[in-house]
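Okay, so here's the structure we're looking at.
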Amino acid sequence: MIQRRHPRRGQSLVELLIALAVLAILGTSVTRLLIWQSRFYDQQAQGRAARSASRSGMNMLLSELRMLDASGATAVDTVGVDSLRTGDVYLRVPFAFGIVCDNTGGAQLSISILPVDSLLYDDAVKPASGGFVGFAFRDSVSGRYHYVERSTMPVITNAGGTQCAAVNIGAATQGRYVQITPGVPVGGMMPGAGAPVYLYQRIRYRFAASTSIPGTVALWRTIVRTGADEEIAAPFDGTAQFRWFMKDNSAVPTTVAPASLADVRGLELLLNGISARIAEGAAAPASAPVSTSVFFKNRLD
Amino acid sequence: MEMMRTRGARRGLALPVVLLATALLTVALAVTFTMVGTERRVTNNFRGQLLAFSLAQTGLERCTTSRITCGFATADPSGAYDSSRVALSNGYADVIFEQLRDTIAGGVGIYAVRSRGVLTTRGASADPLAERTVAQIAYYSPRKFSLPAGFTALNGLSSLSATTILIRGTPPVSCVRPGVNSFAAPVSPSYTGTSPATELPELIRNLGPAVTAGDSIRIDWDGIVNRGTVTPDVKVPPGTFPVAPVWQTIEATANLIVDASNSGSGLLIVHGNLNVSGAWSWDGLVLVGGSITGAGDHTVRGAIVTGLNVKLGMAVPLASDLGTGDQRITYNPCMLDSALARIGGFGVFRNVWMDAWKAY
């Protein structure tokens, strides 16, 4: 049986040219689409990174700032060592609250401490690295806090249960009794049994040059007693800064360092996050301007 | 010549190109959706945290303002541990009052109030639940009125028409507490009456001149009348006097007329005069700016103070006269405690708020 092979027809030059043209058009379109998608993705990723920088900075700040006493802001330095810095703030940040039981002749202050995160507490009172520098007790007459702070970390021990029992003060569930040595010096304002008290660290927040992402600004948190520095959020642009809400003028924050720190009632945080690099096809790093206001909760007015 | 044409299968490029483009677009879309989804999740986490904080703070403020409307059984903290769940939009708050110090010897009780806000509403993308705990130190100071007697009449008292009158400053045996004088009044007007007044004559306390007698009564009458320092359950008017009230605080802003149907218990505050008719009885404290008049058998277990408007600088009202009938007023500090419990001084130390409560 003879099989006839039908000759296959080849493609003409015209067909080939048309096919090439069609392929070129399609290829260009697809390539453009890919590039556009890639840039879009990159820009979105950088934008997300910028927003993430803003958010991560806020979480820690918000929690610490809310617990501040109205006179918690103690020093402001507007003269920066970094050209990028626009200001920083020293804060007395409470890390444990309690009730005074006894102030044995100024030698020891016995306190019933309310439950607090053990890691936070232990870190703060650790002699070598902790930031615990003093305590503030509430004056029952004026309602204001009086600060007792020394250059060296007070000694804090798990004792004081007897002193608290003597004045009928108990411990909350998961709370504890502690004794701080020395206590409140005799002669000045003294805390009575039942006076609220809090232990605090001195913390410095500042915007300064980032070491992890050179050329940008980072939010730094420093434990003043030890000088331990931590870059907690980056990168921000050069406009990241603190603004101040003053007593009786809370509508508009001021960028000028207040004359009286006792009048500070809150902070506005301008956390203008930027992306770590410039997205492909973009002229500048993606930015996510975020501002939030935090008012100190522990204030009388 | 006939040309035989055989059409062979031509392999086009359209299908692969379309498939390739579709695949690329699908990948791009998937990446975009993933990215947007992640972004949304991060945003929602942040939002959830803020909402939980808001729930916790709302619960704290609501329950420290009014425990009753917050679901607690009593207006004042009771016992060492007291809790309530407050239903809120998008979640709830568990509010716990924990006693750190009892009210010792009339002192101030101290409580740690914590509120755990729990976000229970999930968003369209099954947002995670969130929790947050805030706390505040609160105090409770039971309201104490320093009363010199079971019946204190800054405007004097007449019992000329009473069938019998019994005013006792000694609490009943069931209430083991120190007693006070039976009756206290200024030098003039004081007590006038011919009817037998058991225990009365020998236990009258002299409060001095009428214009200054009010100073010996440590009741912030100006605050009650003009500044609303006591929040009543019923204010008359616009409210009407309830029938048989039980441990309520009732404030009449003018003169008040009551009868037997208005017998009950609690704190009765009358800015003007109180007219009592029929067999009226009251357990608790009766504070009257003017005088008490009426007729019928009257029984009060607690204490009465009349003529308090003197403390506002007003003229001394006419002397109280309970009218005909048997008048029995027995000082009972236990009844007073019950009457005043609902207006105890409970509040929070405004600048003792914490966001670091151990919540696990």
Side-chain angles (χ1 to χ4, degrees), chain A residues 6-9 11 19 22-23 26-27 29-30 33-34 37-38 40-41 44-45 47-48 51-52 55 58-59 62-64 66-67 69-70 94-97 99 112 114-118 120-121 138 140 143-145 167-175 193-194 196 198 296-300, chain B residues 4-10 12-14 17-18 20-21 24-25 27-29 31-32 35-36 38-39 42-43 45-46 49-50 53 57 80-81 96 98-105 107-112 114 132-137 139 349-360:
Chain A
H6 294 283
R8 292 184 64 181
R9 288 188 65 201
Q11 287 157 334
V22 170
L23 276 175
L26 283 173
S29 302
V30 170
L33 182 67
L34 284 174
Q37 287 283 357
S38 173
F40 176 75
Y41 176 83
Q44 290 299 313
R48 188 155 57 92
R51 289 190 290 277
S52 176
R55 288 190 191 115
M58 278 199 291
N59 284 337
L62 293 181
S63 184
E64 293 194 336
R66 281 200 190 102
M67 286 195 289
D69 168 29
F95 64 91
F97 284 79
I99 298 293
S112 170
L114 298 175
V116 62
D117 180 87
S118 56
L120 173 71
Y121 181 84
R138 187 179 183 278
S140 62
R144 298 191 182 283
Y145 283 101
V167 290
N168 201 31
I169 292 177
T173 309
Q174 298 192 68
Y198 67 73
F296 306 156
K297 292 282 289 178
N298 286 324
R299 58 193 171 89
L300 292 172
Chain B
M4 287 187 63
R5 286 192 170 184
T6 305
R7 292 184 68 86
R10 294 184 65 178
L13 286 173
V17 168
V18 168
L20 178 65
L24 288 172
L25 283 171
V27 170
L29 276 172
V31 168
T32 304
M35 197 168 57
V36 171
T38 307
E39 173 79 359
V42 170
T43 305
N45 285 350
F46 197 69
Q49 200 178 73
L50 289 176
F53 174 78
Q57 187 63 23
Y81 200 88
I96 298 164
E98 190 166 5
Q99 189 181 72
L100 300 177
R101 186 176 76 175
D102 195 359
T103 50
I104 45 170
V108 176
I110 300 176
Y111 292 81
R114 66 179 183 272
R132 189 75 176 266
T133 300
V134 296
Q136 198 152 10
I137 295 180
Y139 62 88
F349 293 117
R350 277 187 295 158
N351 54 349
V352 192
W353 179 93
M354 65 204 81
D355 190 14
W357 190 282
K358 182 180 181 179
Y360 48 87

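Since the model is a prediction, treat every value here as computed from it, not as a measurement. Just so it is clear: chains get the letters A, B, ... in the order the sequence lines come, proteins before strands, and each one is counted from 1.
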Checklist entry - In terms of heavy-atom proximity below 4.5 Å to chain A, should Gln49(B) be classed as side chain, backbone, both, or neither? => result side chain
Next on the checklist: Distance check, rounded to the nearest 0.5 Å: Ile169(A) atom CD1 versus Asp102(B) atom CG?
Outcome noted: 11.5 Å
Item to check | Side chain / backbone / both / neither for Leu25(B) at chain A, heavy atoms under 4.5 Å | outcome: side chain
Checklist outcome for this item: What one should report as the nearest heavy-atom pair of Leu120(A) and Ala356(B) is CD2-CB, 4.5 Å
Checklist outcome for this item: When rounded to the nearest 0.5 Å, the distance separating CH2 of Trp353(B) from CZ of Phe97(A) is 8.5 Å
Next on the checklist: Could you tell me if the side chain of Asn298(A) sits less than 4.5 Å from the side chain of Phe349(B), heavy atoms only?
Outcome noted: no
Checklist entry - For the atom pair CG (Asp355(B)) and CG (Leu62(A)), what is the distance rounded to the nearest 0.5 Å? => result 9.5 Å
Checklist entry - In chain order, what residues pass the side-chain hydrogen bond (donor to acceptor under 3.5 Å, both in side chains) check against Arg138(A), with sequence neighbours excluded? => result Asn351(B)
Checklist entry - Which bit of Ile110(B) is near chain A, if near means a heavy-atom gap under 4.5 Å: side chain, backbone, both or neither? => result side chain
Checklist entry - Is there a side-chain contact between Val30(A) and Leu24(B), using heavy atoms and a 4.5 Å cut-off? => result yes
Item to check | Reported NZ-to-CD distance for the pair Lys297(A) and Gln57(B), which is rounded to 0.5 angstrom | outcome: 3.5 Å
Checklist entry - Quick check: does any side chain N or O of Gln174(A) sit under 3.5 Å from a backbone N or O of Lys358(B), one acting as donor and the other as acceptor? => result no
Checklist entry - Roughly how far, to the nearest 0.5 Å, is CZ of Arg132(B) from OG of Ser63(A)? => result 5.5 Å
Item to check | Partners meeting side-chain hydrogen bond (donor to acceptor under 3.5 Å, both in side chains) with Glu64(A) (sequence neighbours left out) | outcome: Tyr205(A), Arg221(A)
Checklist entry - Which atoms of Ala96(A) come close to chain B, meaning under 4.5 Å heavy atom to heavy atom: side chain ones, backbone ones, both, or neither? => result neither
Checklist entry - Nearest 0.5 Å, what's the CZ-CD1 distance between Arg101(B) and Ile99(A)? => result 8.5 Å
Checklist entry - Looking only at heavy atoms, which two atoms of Ala172(A) and Trp357(B) are closest? And how far apart? => result CB-CH2, 4.4 Å
Next on the checklist: Report which part of Thr173(A) has an atom under 4.5 Å of a heavy atom belonging to chain B: side chain, backbone, both, or neither.
Outcome noted: both
Next on the checklist: If you define the side chain from C-beta out and look only at heavy atoms, does anything of Leu114(A) sit under 4.5 Å from Ile137(B)?
Outcome noted: yes
Checklist entry - Does any heavy atom of chain A fall under 4.5 Å from the side chain of Ala112(B), the backbone, both, or neither of them? => result side chain
